[in-house]
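All of these numbers come straight from a predicted model, not from anything done at the bench. We use all heavy atoms of the structure for the numbers below, so side chains are in, but hydrogens, waters and symmetry mates are not.
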Amino acid sequence: MSRQVFNAAGAATVGPYSHACAGGGLLYLSGQTPIDPSTGALVTGSIQAQTQQCLDNLFAVLDAAGLGPDDVINVQVYLVDMRDFTAMNEAYATRFAAPYPARTTIGVASLPLGANVEIGLIARTR
Ligand SMILES: C=C(N)C(=O)O
């Protein structure tokens, strides 16, 4: 049996993977870097703008699977510079409403394409 995968025009990939893969009642979304899918270019500028682009891309993938932000149960945030933590949180809070999903934020040495933030998530399926 092949994998049940989801891909969305409103998101990007930078390698050999799907935007999302379902299994065990969960939907696992690949990490999204802040690529604007309309241009294929990395969003530059504030960490807020980059964070919002990552989440917009992820929400496009959720939408392709018939899901939305309220279905998200776990989020992984990767930051190249942990000094961006507060600003990332500010942008993050514009895309999720309380009660928030569980989340882990990890500092990393570098990210694909020189991005400053990458976000992945897990959602429940219906
Ligand atoms: C950006 C990614 N999700 C990757 O390279 O795996």
Side-chain angles (χ1 to χ4, degrees):
M1 190 171 77
S2 66
R3 294 179 187 85
Q4 185 183 13
V5 301
F6 296 91
N7 289 291
T13 54
V14 296
Y17 56 90
S18 298
H19 287 155
C21 196
L26 298 172
L27 185 68
Y28 296 83
L29 276 67
S30 298
Q32 283 290 320
T33 50
I35 293 174
D36 179 344
S38 69
T39 63
L42 206 63
V43 170
T44 55
S46 70
I47 195 69
Q48 287 98 333
Q50 295 181 42
T51 299
Q52 288 171 343
Q53 186 68 60
C54 291
L55 290 171
D56 289 349
N57 294 359
L58 289 164
F59 290 175
V61 179
L62 285 176
D63 188 60
L67 302 175
D70 288 347
D71 297 304
V72 176
I73 56 174
N74 183 261
V75 180
Q76 311 92 44
V77 179
Y78 304 94
L79 288 176
V80 169
D81 188 341
M82 202 50 77
R83 288 173 293 191
D84 289 333
F85 183 69
T86 300
M88 179 278 294
N89 275 329
E90 287 169 9
Y92 185 94
T94 70
R95 293 297 191 271
F96 282 109
Y100 300 111
R103 193 188 83 184
T104 303
T105 301
I106 303 167
V108 296
S110 63
L111 289 166
L113 307 182
N116 295 314
V117 58
E118 178 174 329
I119 304 177
L121 61 78
I122 302 170
R124 64 184 175 197
T125 55
R126 297 183 195 158

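Side-chain heavy atoms closer than 4.5 Å link hydrophobic residues (I, L, V, M, F, W, Y) into clusters, and following such links, possibly through other members, connects Val61 to Phe96. When the side chains of ILVMFWY residues are joined at heavy-atom separations under 4.5 Å, either directly or via intervening members, Tyr28 and Leu58 end up in two distinct hydrophobic clusters. Cluster annotation: Phe6 and Ile35 are assigned to distinct hydrophobic clusters (Ile/Leu/Val/Met/Phe/Trp/Tyr, side-chain heavy-atom contacts under 4.5 Å, transitive). Hydrophobic clustering, with ILVMFWY side chains joined whenever heavy atoms are under 4.5 angstrom apart, groups Leu27 together with Val75.
Taking the side chain as every heavy atom from C-beta outward, Asn74 and Pro101 never approach each other to under 4.5 Å. Contact annotation: the side chain of Thr51 never approaches that of Pro34 to less than 4.5 Å [non-hydrogen atoms, C-beta and beyond]. Inter-residue side-chain proximity for Thr105 and Met82 is flagged as met; some heavy-atom pair is nearer than 4.5 Å.
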#### Entry: Criterion side-chain contact (heavy atoms from CB on, under 4.5 Å) on Asp56 and Gln32, from CA distance to verdict
CA-CA 9 Å; Asp56 289 349; Gln32 283 290 320; over 6 Å; no
### Task
Would you sort out whether Leu55 and Thr94 count as a side-chain contact (heavy atoms from CB on, under 4.5 Å), showing the intermediate values?
CA-CA 10 Å; Leu55 290 171; Thr94 70; over 6 Å; no
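Classification of the Tyr100-Tyr92 ring pair by plane angle, with boundaries at 30° and 60°, yields tilted.
The two residues Ala91 and Gln52 come nearest to each other via the heavy atoms CB-CG, 3.9 Å. Here the closest non-hydrogen pair linking Ala60 and Gly10 is CB-O, 3.4 Å. In terms of heavy-atom proximity, Leu62 sits nearest to Pro69 at CD1-N, 4.1 Å.
A donor-acceptor contact shorter than 3.5 Å is absent between the side chain of Asn57 and the backbone of Ala12.
Taking CZ of Phe59 as the reference point, atom CG of Leu67 lies at 12.0 Å (rounded to 0.5 Å). For the atom pair CG of Leu26 and CG of Asp71, the computed distance is 11.0 Å after rounding to the nearest 0.5 Å. Atom CG in Asn7 sits 8.5 Å away from atom OG in Ser30 (nearest 0.5 Å).
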Show me, pair by pair, the donor-acceptor contacts under 3.5 angstrom made by side chains of residues 106-122, not counting sequence neighbours?
residue, atom, partner, partner atom, Å
Asn116, ND2, Gln50, OE1, 3.4

